[in-house]
Amino acid sequence: MNDVLERLRAEADGSPEYEELLVAGPDALAASLTSAGRPLWARELAAYRLGLARDRRAFEPLVLLLNHRDPARCEAATQALAVLGDPRTARAAASLATNTLRTAYALHPVRLLAALRAPESAPALMATLSRLLAPHDPYWRVALACVEGLGALADPRARDVLVRAQAHPRLASAATDALGRLLAGHPDA
């Protein structure tokens with residue numbers, strides 16, 4: 001949390017609005033999300049604080065930040081969405097993770113899916129990983145996050161895609177580990 005706040009403080013560059021948002025109550029934070037002309041750092045700060053407070057008014061702004069090009073913003077949104085507990089979160093993360101046009105930005109939605117352990121998690125991770133196993137696919141870090149997430153979920157449906165992932169040098173070790181976790185949790189897999 002401190003890393004996020006320090007990054008946003010630096011982006012605010014001495015703006016008094018930073019300190020105001022840091023102490024604002026939920027209604028003021030929510031109002032700042034809908035106010036025109038607010039800088040991105042201010043919207044992120046408001047959404048982040050609302051998410052950590054489990055205020056569902058943060059859901060849509062946090063999903064937008066989860067889909068941002070800046071990894072630091074995605075990470076902050078991931079943290080807040082994991083705490084928020086909104087039942088729409090897994091569906092939104094699955095949609096972002098499986099969007100073929102946004103694969104370059106799918107790392108954080110993939111990690112969020114694994115953390116949420118929702119019914120949508122394993123199917124979305126399997127679909128994304130299957131697509132990323134194509135030869136010379138440049139998104140191996142996203143594929144690795146899928147493998148690690150599937151290992152954490154230990155869903156027996158992931159066996160076939162994890163076996164296929166073992167053939168990829170950058171994924172082989174993690175896929176073998178994930179299969180071991182899967183088999184330890186589900187002897188019938």
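In this structure a side-chain-to-backbone donor-acceptor pair under 3.5 Å is missing from Thr128 to Leu125. In this structure, Arg49 contributes its side chain and Leu22 its backbone to a donor-acceptor pair below 3.5 Å. Formation of a donor-acceptor pair under 3.5 Å by the Thr78 side chain with backbone atoms of Leu112 is not found in this model.
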Under the criterion side-chain contact (heavy atoms from CB on, under 4.5 Å), I'd like the reasoning laid out for Val161 against Arg164: C-alpha separation, chi angles, the key distance, then a yes or no. CA-CA 5 Å; Val161 72; Arg164 291 190 354 246; 4.2 Å; yes

Could you go step by step and tell me if Glu19 and Arg9 meet the salt bridge (Lys or Arg N to Asp or Glu O under 4.0 Å) rule? CA-CA 9 Å; Glu19 296 300 329; Arg9 180 188 304 275; 2.7 Å; yes

From CA spacing to verdict: side-chain contact (heavy atoms from CB on, under 4.5 Å), His168, Trp140: CA-CA 9 Å; His168 292 262; Trp140 66 270; over 6 Å; no

Can you list the steps and then say if Arg159 with Val163 is a side-chain contact (heavy atoms from CB on, under 4.5 Å)? CA-CA 6 Å; Arg159 183 183 182 286; Val163 167; 4.1 Å; yes

Would Leu5 and Leu45 count as a side-chain contact (heavy atoms from CB on, under 4.5 Å) if you check the C-alpha gap in whole Å, the side-chain angles of each, and the deciding distance to 0.1 Å? CA-CA 8 Å; Leu5 296 179; Leu45 179 56; 3.6 Å; yes

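A chain of hydrophobic side-chain contacts below 4.5 Å, direct or via other Ile, Leu, Val, Met, Phe, Trp or Tyr residues, connects Leu150 to Val142. Residues Leu113 and Leu84 are members of separate hydrophobic clusters, defined by side-chain heavy-atom contacts under 4.5 angstrom among Ile, Leu, Val, Met, Phe, Trp and Tyr. Residues Leu81 and Tyr105 fall into different hydrophobic clusters, defined by Ile, Leu, Val, Met, Phe, Trp and Tyr side chains chained together at heavy-atom separations under 4.5 Å. No continuous path of ILVMFWY side-chain contacts below 4.5 Å connects Tyr18 to Leu40, so the two sit in separate hydrophobic clusters. Grouping the Ile, Leu, Val, Met, Phe, Trp and Tyr side chains by contacts below 4.5 angstrom, directly or via other members, places Leu116 apart from Val83.
Of the N and O atoms on the side chains of Gln79 and Tyr48, at least one donor lies less than 3.5 Å from an acceptor on the other residue.
Note that the CG atom of Leu133 and the CG atom of Leu171 stand 6.5 Å from one another [nearest 0.5 Å]. Interatomic distance, Cys146 SG to Arg131 CZ, rounded to the nearest 0.5 Å: 8.0 Å. Rounding to the nearest 0.5 Å places CG of Leu50 at 10.0 Å from CG of Leu21. Annotation: the span from Arg7 atom CZ to Glu75 atom CD amounts to 9.5 Å, rounded to 0.5 Å. How far CG of Asp160 is from CG of Leu179: 9.5 Å, rounded to the nearest 0.5 Å. The line from OG of Ser15 to CG of Leu8 is 12.0 Å long, rounded to the nearest 0.5 Å.
Among all heavy-atom pairs drawn from Pro39 and Glu17, the shortest one is CD-OE1, 4.1 Å. Between Ala97 and Val110, the shortest heavy-atom distance links the atoms CB-CG2, 3.9 Å. For Gly85 against Arg56, the heavy-atom pair with the smallest separation is O-NH2, 3.5 Å. Taking both residues in full, the closest heavy atoms of Leu96 and Pro109 are given as CB-CG, 3.8 Å, listed atom of the first, atom of the second, then distance. Nearest heavy atom pair, residue Ala94 against residue Ala124, reads CB-CB, 3.7 Å. Shortest non-hydrogen contact noted between Pro61 and Ala58 is CD-O, 3.2 Å.
Comment: Arg170 does not engage Asp137 in a salt bridge, judged by the lack of any side-chain N to carboxylate O separation of less than 4.0 angstrom. Classification of Glu44 and Arg38 as a salt-bridged pair fails, no side-chain N sitting under 4.0 Å from a carboxylate O.
When hydrophobic residues (I, L, V, M, F, W, Y) are linked wherever their side-chain heavy atoms come within less than 4.5 Å, Leu101 remains an isolated member.
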Quick one: side chains of residues 30-37, donor-acceptor pairs under 3.5 Å with protein atoms, not counting sequence neighbours, listed by atom name and distance.
unit_1, atom_1, unit_2, atom_2, d
Ser32, OG, Leu29, O, 2.7
Thr34, OG1, Ala31, O, 3.1
Ser35, OG, Ala31, O, 2.9

Show every donor-acceptor pair shorter than 3.5 Å between a side-chain atom in residues 63-71 and any protein atom, with sequence neighbours excluded, or say none if there are none.
unit_1, atom_1, unit_2, atom_2, d
Asn67, OD1, Arg102, NE, 3.1
Asn67, OD1, Arg102, NH2, 3.4
His68, ND1, Asp70, N, 2.9
Asp70, OD1, Ala72, N, 3.0

